[in-house]
K.L.:
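Quick one: the structure is below, questions incoming.
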Protein chains: 2
Amino acid sequence: MATDTDEPIRVLIVDDHAVVRQGLMTFLELQDGIEVVGEASNGKEALQKVKELEPDVVLMDLVMPVMDGLTAIKEIKLMRPETEVIALTSFADDEKVFTAIRSGATGYLLKDVQPADLVKAVIAAERGEVQLHPEVAKRLMHEVVAPPKEDDGLQELTERELEVLGLLGRGMSNKEIARELQVSEKTVKAHVSSILNKLSLPGRTHAALFAVKRGLAPA
Amino acid sequence: MATDTDEPIRVLIVDDHAVVRQGLMTFLELQDGIEVVGEASNGKEALQKVKELEPDVVLMDLVMPVMDGLTAIKEIKLMRPETEVIALTSFADDEKVFTAIRSGATGYLLKDVQPADLVKAVIAAERGEVQLHPEVAKRLMHEVVAPPKEDDGLQELTERELEVLGLLGRGMSNKEIARELQVSEKTVKAHVSSILNKLSLPGRTHAALFAVKRGLAPA
DNA sequence: GTAATTATAGGAAAAAATACCCATACTGTG
DNA sequence: CACAGTATGGGTATTTTTTCCTATAATTAC
């Protein structure tokens, strides 16, 4: 707790969209105890601003040109660990969430966050506390429950599931796969759900791409 | 018109499911002018039966073990062109439909065909006439309307569509793409529909695989 | 200036996919 | 024999995807 009740929390906003920066700024400025000390439109600029302005909290968009937010977070935590970074993106992409957290992000918020929650998160972050968006928390839980995935995930699939995954990689629908394998569509759905679950994939399209990457389906 | 009003139409039934064969047979046998002269449970067997029984019309399932129906059709038309083959499958798969027709099938019926229509198709086929299931006809029309696709299809996409296709190739959902591009999900849907239509793809998974193949998305 | 194309997006409805229940049958394994 | 895992699929509910229709603004082409 560097800054306390008397000193306002110094916030740096990093986002490549001017509108987003403007929106965040105007809102945060209205809050007691929060002061937006600067903004940056990409990771590189953010690093510079952090050095220059020494903010307590950085609100960091992850998708940006020049230097992406993930890299920027790492650099910031390296350069000035006492600065807390809240990752702020439009969607809960599994990969990005975990990478962001591994990179040292204290929080992870989605852009559809309620203003009040944003303020809470900033205040919490400044104290080093973690504030997670419910959706993100849910994904984290999932990761914790089925975590390491030492291997590539393929070996935990059964024979039948590998077979289904191969057909998935050819772009086939559940109905088509069902006919191909001579089973009911319901069974195929069960296999697909199991595949998506075991591989922690968010949808059949990811599964199809995965299948091709692993050579289960012709490129 | 080899066989005419007096001689019954000699039909060979080819399907790997005994139940299907039984169903087709009992029904067709009730019809005047149609005689089921034999049955086969796979393509290889079908070839043999055609040579042996010299049927006028073959009802051919496309999905079978040992030798698939598509190959069997080619072989049959090669061996005995005067035999008319009606492809009979459970689903209107674009590829299979066109391949079947290119292979020399005179008709293409779906298994949910009405018995009466099946009879009509058999009679029509024996005269060399084409009888198409409405659904199949629709797909054929579509192929005719937007046929050759001389190029790879990519060039007919607009800039925005290429952009969307690239994101599709990363496995993103419409919602995710909408956030990424800062437009409504509705707009993304419009783009996706347009892409699928222009490229004649049956679904987003095919589009994703296509995108990767063309380097629009990272492999 | 009119016509065509494109990007945008709403409404409605149908089809597909997904999640979460459940049960059965078969196959090993301790 | 009990137990775990697998393949099979029914039921239900929700979400996503897809199609079809309509419409506006902006751009470009003739």
Side-chain angles (χ1 to χ4, degrees), chain A residues 91-92 94 135 138-139 141-142 145-146 154-211, chain B residues 90-94 110 112 134-135 138-139 141-142 145-146 155-211:
Chain A
F91 204 71
D94 277 325
E135 180 67 16
K138 180 182 153 201
R139 303 208 177 205
M141 287 300 297
H142 188 275
V145 171
L154 268 192
Q155 53 135 79
E156 35 178 332
L157 296 186
T158 66
E159 279 304 311
R160 200 54 158 169
E161 286 164 353
L162 283 173
E163 199 172 355
V164 170
L165 183 52
L167 299 177
L168 250 172
R170 284 172 170 78
M172 293 171 78
S173 68
N174 290 334
K175 198 170 298 187
E176 289 170 322
I177 294 173
R179 300 201 192 267
E180 188 73 27
L181 299 182
Q182 306 276 228
V183 296
S184 84
E185 195 179 335
K186 206 70 223 251
T187 300
V188 175
K189 286 182 179 182
H191 286 317
V192 171
S193 281
S194 178
I195 290 168
L196 296 183
N197 185 43
K198 285 183 178 177
L199 265 34
S200 298
L201 297 171
R204 72 164 41 240
T205 304
H206 281 95
L209 296 171
F210 180 90
Chain B
S90 18
F91 202 70
D93 178 327
D94 275 325
L110 300 188
D112 66 353
E135 181 67 16
K138 180 180 154 202
R139 303 210 178 205
M141 287 300 297
H142 188 275
V145 171
Q155 51 138 77
E156 37 178 330
L157 296 186
T158 66
E159 279 304 310
R160 199 54 157 171
E161 286 165 353
L162 282 173
E163 200 172 353
V164 171
L165 183 52
L167 299 176
L168 250 172
R170 284 171 170 79
M172 293 171 77
S173 68
N174 291 333
K175 199 171 299 188
E176 289 170 320
I177 294 172
R179 294 195 199 271
E180 188 73 27
L181 299 182
Q182 306 275 213
V183 296
S184 85
E185 195 178 336
K186 205 68 210 183
T187 300
V188 175
K189 287 181 180 180
H191 287 316
V192 171
S193 281
S194 179
I195 291 168
L196 296 183
N197 184 44
K198 285 183 178 177
L199 300 181
S200 299
L201 298 171
R204 82 195 294 75
T205 305
H206 280 96
L209 295 171
F210 180 91

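Here is how names work: the chains are called A, B, and so on, in the same order as the sequence lines, proteins then strands, and each is numbered from 1. Note: hydrogens, waters and symmetry copies are ignored here, and every other heavy atom, side chains too, is used.
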K.L.:
Would you name the heavy atoms of Glu176(B) and Met172(B) that are closest together and state the gap between them?
P.N.:
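Shortest heavy-atom contact: OE1-CA, 3.2 Å.
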K.L.:
Which of the following nucleotides, dA9(C), dT18(D), dA19(C), is nearest to the side chain of Val192(B)?
P.N.:
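In terms of side-chain proximity for Val192(B), the closest of dA9(C), dT18(D), dA19(C) is dT18(D).
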K.L.:
How many whole angstroms separate atom CD of Glu176(B) from atom C1' of dT16(D)?
P.N.:
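After rounding, the gap between these two atoms is 12 Å.
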K.L.:
Round to the nearest Å and state the distance from Glu185(B) atom CD to dT15(D) atom C1'.
P.N.:
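It is 10 Å, rounded to the nearest whole Å.
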K.L.:
When you check the phosphate oxygens OP1 and OP2 of dT5(C), does a side-chain N or O of Thr158(B) lie under 4.0 Å from one of them?
P.N.:
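Indeed not, no polar side-chain atom of Thr158(B) lies that close.
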K.L.:
Using side chain to side chain donor-acceptor pair (under 3.5 Å) as the criterion, point out the one residue from Arg204(A), Lys186(A), Glu185(A), Arg179(A) that pairs with Asn174(A).
P.N.:
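Of the listed options, the one satisfying the test is Arg204(A).
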K.L.:
In whole angstrom, what separates Leu201(B)'s CG from dA16(C)'s C1'?
P.N.:
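For the pair Leu201(B) CG and dA16(C) C1', the rounded distance is 17 Å.
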K.L.:
Rounded to whole angstroms, how far apart are CD on Glu163(A) and C1' on dA7(D)?
P.N.:
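Answer to the nearest Å: 12 Å.
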K.L.:
Tell me: CD1 of Ile195(B) to C1' of dA7(C), nearest whole Å?
P.N.:
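After rounding, the gap between these two atoms is 13 Å.
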K.L.:
What's the CG-P distance between Leu181(B) and dA9(C), to the nearest Å?
P.N.:
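Interatomic distance, CG of Leu181(B) to P of dA9(C): 10 Å.
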K.L.:
Once you round it to whole Å, what is the distance between C1' of dT16(D) and CD1 of Ile177(B)?
P.N.:
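Checked: the CD1 to C1' distance equals 12 Å.
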K.L.:
First locate atom CG of Leu199(A), then atom CZ of Phe210(A), and finally report the distance between them rounded to the nearest 0.5 Å.
P.N.:
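CZ of Phe210(A) is found 4.5 Å from CG of Leu199(A).
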K.L.:
Measure from the side-chain heavy atoms of Val183(A) and tell me the nearest of dT6(C), dT8(D), dA9(C).
P.N.:
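Among the listed nucleotides, the one closest to the side chain of Val183(A) is dT8(D).
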K.L.:
Distance check, rounded to the nearest 0.5 Å: Ser173(B) atom OG versus Leu167(B) atom CG?
P.N.:
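Answer rounded to 0.5 Å: 10.5 Å.
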K.L.:
Rounded to the Å, how far apart are Leu162(A) CG and dG5(D) C1'?
P.N.:
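Rounded to whole Å, this separation is 15 Å.
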K.L.:
Does any non-hydrogen side-chain atom of Glu180(A) lie less than 4.5 Å from one of Val188(A)?
P.N.:
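Answer no - side chains too far apart.
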K.L.:
Check Leu209(B) against Arg170(A) and note the closest heavy-atom contact, atom names and distance.
P.N.:
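Looks like CD1-C, 3.9 Å.
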K.L.:
Could you check which of dA7(D), dG9(D), dG11(C) has an atom nearest any side-chain atom of Arg160(A)?
P.N.:
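Selected nucleotide (nearest to the side chain): dA7(D).
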K.L.:
So, OP1 or OP2 of dC20(D): does either fall under 4.0 Å of a side-chain N or O from Ser193(B)?
P.N.:
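It does not, given that no N or O in the side chain of Ser193(B) lies less than 4.0 Å from OP1 or OP2 of dC20(D).
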K.L.:
Could you tell me whether the phosphate oxygens of dA9(C), OP1 or OP2, come under 4.0 Å of any side-chain nitrogen or oxygen in His191(B)?
P.N.:
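Checking dA9(C) against His191(B), no side-chain N or O comes under 4.0 Å of OP1 or OP2.
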K.L.:
Where the side chain of Arg204(B) is defined as all heavy atoms beyond and including C-beta, which of dA7(C), dT17(D), dT19(D) is the nearest nucleotide?
P.N.:
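In terms of side-chain proximity for Arg204(B), the closest of dA7(C), dT17(D), dT19(D) is dT17(D).
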K.L.:
For the side chain of Lys186(A) and the base of dG11(D), is some donor closer than 3.5 Å to an acceptor across the two?
P.N.:
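Per atom types, the contact qualifies.
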K.L.:
Once rounded to the nearest 0.5 Å, what's the spacing between atom CD1 of Ile195(B) and atom CZ of Arg160(B)?
P.N.:
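Rounded to the nearest 0.5 Å, the CD1-CZ separation comes to 11.0 Å.
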K.L.:
Is the phosphate of dA16(C), meaning OP1 or OP2, less than 4.0 Å from a side-chain N or O of Lys175(A)?
P.N.:
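True: Lys175(A) side-chain N/O within range (under 4.0 Å) of dA16(C) OP1/OP2.
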K.L.:
Reckon Ser184(A) touches a base, only the sugar-phosphate, or nothing at all at heavy-atom distances under 4.0 Å?
P.N.:
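It contacts sugar-phosphate atoms only.
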K.L.:
To the nearest 0.5 angstrom, please state how far the CG atom of Leu168(B) sits from the OG1 atom of Thr205(B).
P.N.:
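OG1 of Thr205(B) is found 9.0 Å from CG of Leu168(B).
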K.L.:
Taking the nucleotide of DNA chain C with the nearest heavy atom to each, does Thr205(A) or Lys189(B) sit closer to the 5' end?
P.N.:
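Per heavy-atom nearest nucleotide, the more 5' residue is Lys189(B).
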K.L.:
Any chance you could measure Leu196(B), atom CG, to Leu165(B), atom CG, to the nearest 0.5 Å?
P.N.:
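Rounded to the nearest 0.5 Å, the CG-CG separation comes out at 9.0 Å.
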K.L.:
Hey, could you give me the NE2/CG distance between His191(B) and Leu181(B), rounded to the nearest 0.5 Å?
P.N.:
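Going from NE2 on His191(B) over to CG on Leu181(B), the span is 7.5 Å.
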K.L.:
Determine to 10° how strongly the helix from dG1(C)-dC30(D) to dG30(C)-dC1(D) is bent, judged from the axes of its five-pair ends.
P.N.:
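Computed angle between terminal axes is 40°.
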K.L.:
So does Thr187(A) get a side-chain nitrogen or oxygen closer than 4.0 Å to the phosphate oxygens (OP1/OP2) of dG9(D)?
P.N.:
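For dG9(D), OP1/OP2 do have a side-chain N/O of Thr187(A) under 4.0 Å.
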K.L.:
Please determine whether a side-chain nitrogen or oxygen atom of Asn174(B) lies at a distance below 4.0 Å from atom OP1 or OP2 of dT16(D).
P.N.:
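Indeed not, no polar side-chain atom of Asn174(B) lies that close.
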K.L.:
What are the two closest non-hydrogen atoms of Ala211(A) and Gly169(A), and how far apart are they?
P.N.:
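Nearest heavy atoms, Ala211(A) then Gly169(A): CB-CA, 3.8 Å.
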K.L.:
If a protein heavy atom is under 4.0 Å from the base, mark B; if only from the sugar-phosphate, S; if neither, -; do that for nucleotides 23-30 of chain C going 5' to 3'.
P.N.:
--------
